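Sequential numbering from 1 along the given sequence is applied to the chain's residues. Fair warning: this is a prediction, and the values are worked out from it, not measured in the lab.
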Amino acid sequence: MTQPRPLLLVLLFVLGGCATPTELDIAKQAHEVMRASFKETGQATLDRLNQDLAQSACSIPPSTSVNKEIAATIEKENMASIRYPADGKLLGDWKSGERIAQSGVGKQFSDDPKNASGGNCYACHQMSKQEISFGTIGPSLLGFGKLRGNSEAIQRYTYGKIWNAQAYSACSNMPRFGHNGILTEAQIKDLTALLLDPASPVNQ
Ligand code: HEC
């Protein structure tokens with residue numbers, strides 16, 4: 001016979017007396033742990049833990065549980081945040097767009113906030129035939145402009161999607177590049193050109 005283990009018995013008693021925590025409780029606890037353990041360094045400040053409606057509603061698993069009304073509210077709020085360029089031009093330089101798409105620098109505590117950030121698009125999307133290293137969290141964007149054309153509506157959708165993906169898909173996993181100040185207006189124009197210009201590697 002093994003010796004009785006008092007600690008184990010106490011634990012069983014305590015745990016047995018508690019209600020099973022819900023996913024919401026666990027999410028709240030995780031938030032508290034992060035708030036208590038993260039240290040602000042450089043531009044990586046604790047206000048990054050403050051969630052807006054999209055982040056909080058979409059963080060409760062499963063994100064598909066966000067109902068139609070909440071999804072519509074999230075998309076409306078995010079749509080209202082999109083700032084289109086004052087000069088009305090949505091297409092920049094696709095060559096610069098390709099460099100931005102390839103670059104994953106920015107927003108970390110070790111990055112100088114004065115330097116431009118990258119878009120890290122290849123981390124989630126296939127975008128050209130030449131680049132064989134890419135992630136697949138997002139759909140392949142190969143041939144995006146060839147398939148969609150280059151109408152004003154498509155230019156506005158592409159620019160707006162990069163500015164704030166959640167304006168079009170409430171719980172999108174894509175970063176909100178313009179909305180969160182990751183990329184500038186000029187950089188988003190360059191990426192819009194990368195996706196839509198017939199000469200860019202995306203459309204070969
Ligand atoms: C962390 C992953 C991630 C990163 C990084 C990312 N995306 Fe996405 N993107 C997604 C996902 C997931 C979708 C599909 C869901 C949606 O529509 O939001 C998507 C959708 C899109 C779409 C819509 C595709 C369509 O057929 O309408 C475009 C355009 C796009 N991304 C462009 C970009 C560009 C440009 C960048 C870089 C600046 C980028 N994405 C970076 C995850 C990402």
Side-chain angles (χ1 to χ4, degrees), residues 52 54-55 57-66 68 70-72 74-85 89-108 111 115-204:
D52 66 8
Q55 291 164 322
C58 299
S59 299
I60 302 166
S63 63
T64 44
S65 67
V66 170
K68 278 202 179 106
I70 295 178
I74 291 172
E75 287 170 10
K76 204 171 150 206
E77 269 182 12
N78 283 280
M79 191 65 87
S81 90
I82 301 175
R83 299 275 165 270
Y84 286 96
K89 295 199 180 84
L90 299 174
L91 299 177
D93 169 9
W94 69 257
K95 287 183 185 145
S96 158
E98 172 63 10
R99 286 191 292 274
I100 298 163
Q102 289 276 5
S103 164
V105 302
K107 293 289 175 194
Q108 302 211 28
D111 290 316
N115 297 339
S117 298
N120 213 11
C121 316
Y122 280 94
C124 297
H125 295 286
Q126 177 181 31
M127 294 181 85
S128 68
K129 283 189 194 134
Q130 297 90 304
E131 176 56 78
I132 52 165
S133 168
F134 54 84
T136 53
I137 292 173
S140 171
L141 299 175
L142 202 58
F144 185 84
K146 248 193 200 167
L147 292 167
R148 306 288 181 109
N150 195 7
S151 65
E152 206 198 320
I154 287 297
Q155 289 184 22
R156 280 181 74 82
Y157 164 65
T158 307
Y159 183 96
K161 180 76 187 173
I162 303 169
W163 185 284
N164 190 338
Q166 291 180 353
Y168 300 90
S169 169
C171 291
S172 173
N173 285 325
M174 176 162 148
R176 295 178 282 182
F177 291 102
H179 180 72
N180 286 331
I182 303 166
L183 298 176
T184 64
E185 177 183 292
Q187 288 179 304
I188 296 178
K189 286 181 178 193
D190 293 345
L191 288 162
T192 305
L194 176 69
L195 290 178
L196 297 179
D197 194 310
S200 103
V202 170
N203 297 311
Q204 300 315 302

Quick one: list whatever passes side-chain contact (heavy atoms from CB on, under 4.5 Å) with Ala165, sequence neighbours left out.
Lys161, Ser172, Met174
Within-4.5 Å side-chain heavy-atom neighbours: Asn173 and Cys124
no
For residues 182-204, the ring-ring contact (aromatic ring centres under 6.0 Å, His included) pairs (sequence neighbours left out) are none
Leu142: which residues meet the side-chain contact (heavy atoms from CB on, under 4.5 Å) condition with it, sequence neighbours left out?
Gln126, Lys129, Ser140
Closest non-hydrogen contact found for Ser81 with Trp163 is O-NE1, 3.3 Å
Under the salt bridge (Lys or Arg N to Asp or Glu O under 4.0 Å) test, which residues partner Asp52, sequence neighbours left out?
Arg176
Side-chain touch Leu195/Ile162, heavy atoms, less than 4.5 angstrom:
yes
Could you measure the distance from the CH2 atom of Trp94 to the CG atom of Leu196? Nearest 0.5 Å is fine.
13.5 Å
Gln204 side-chain N/O to Pro198 backbone N/O, donor-acceptor pair under 3.5 Å
yes
Give me the atom names and distance for the closest heavy-atom approach of Asn203 to Gly145.
OD1-N, 2.9 Å
Output yes when a side-chain donor or acceptor of Ser103 lies under 3.5 Å from a complementary backbone atom of Arg99, and no otherwise.
no
Write out all pairs satisfying ring-ring contact (aromatic ring centres under 6.0 Å, His included) with one or both partners inside residues 165-184, taking only residues at least two apart or from two chains.
Tyr157-Tyr168
Separation between CG of Asn164 and CG of Asn78, rounded to the nearest 0.5 Å:
4.0 Å
Mind listing the closest non-hydrogen atom pair of Leu141 and Val202 along with its distance?
O-CG1, 3.2 Å
Using side-chain contact (heavy atoms from CB on, under 4.5 Å) as the criterion, list what pairs up with Lys76, not counting sequence neighbours.
none
Who passes side-chain contact (heavy atoms from CB on, under 4.5 Å) against Glu131, sequence neighbours left out?
Gln102, Tyr122, Ser128, Ser133
Taken to the nearest 0.5 Å, the spacing of Leu91 CG from Leu191 CG works out to 11.5 Å
Taking the side chain as everything from C-beta on, heavy atoms only, tell me whether Phe134 gets closer than 4.5 Å to Cys121.
no
Do the side chain of Gln187 and the main chain of Ser117 share a donor and acceptor less than 3.5 angstrom apart?
yes
So which heavy atom on Ile188 is nearest to which on Leu183, and how close?
CG1-CB, 4.0 Å
Pairwise side chain to side chain donor-acceptor pair (under 3.5 Å) hits with a residue in residues 188-198, at least two apart:
Asp87-Lys189, Ser96-Asp190
For a quick test of your reading: what N or O donor-acceptor pairs under 3.5 Å do the side chains of residues 146-153 make, sequence neighbours left out?
unit_1 : atom_1 : unit_2 : atom_2 : d
Asn150 : OD1    : Gln155 : NE2    : 3.0
Ser151 : OG     : Ile154 : N      : 3.2

Test item: Pro139 and His125 side chains (from C-beta on) under 4.5 Å apart, heavy atoms:
yes
How close do Gly160 and Tyr84 get, heavy atom to heavy atom, and via which atoms?
CA-OH, 3.8 Å
Quick one: closest heavy-atom pair of Ile74 and Ala170, and the distance?
CG2-O, 3.7 Å
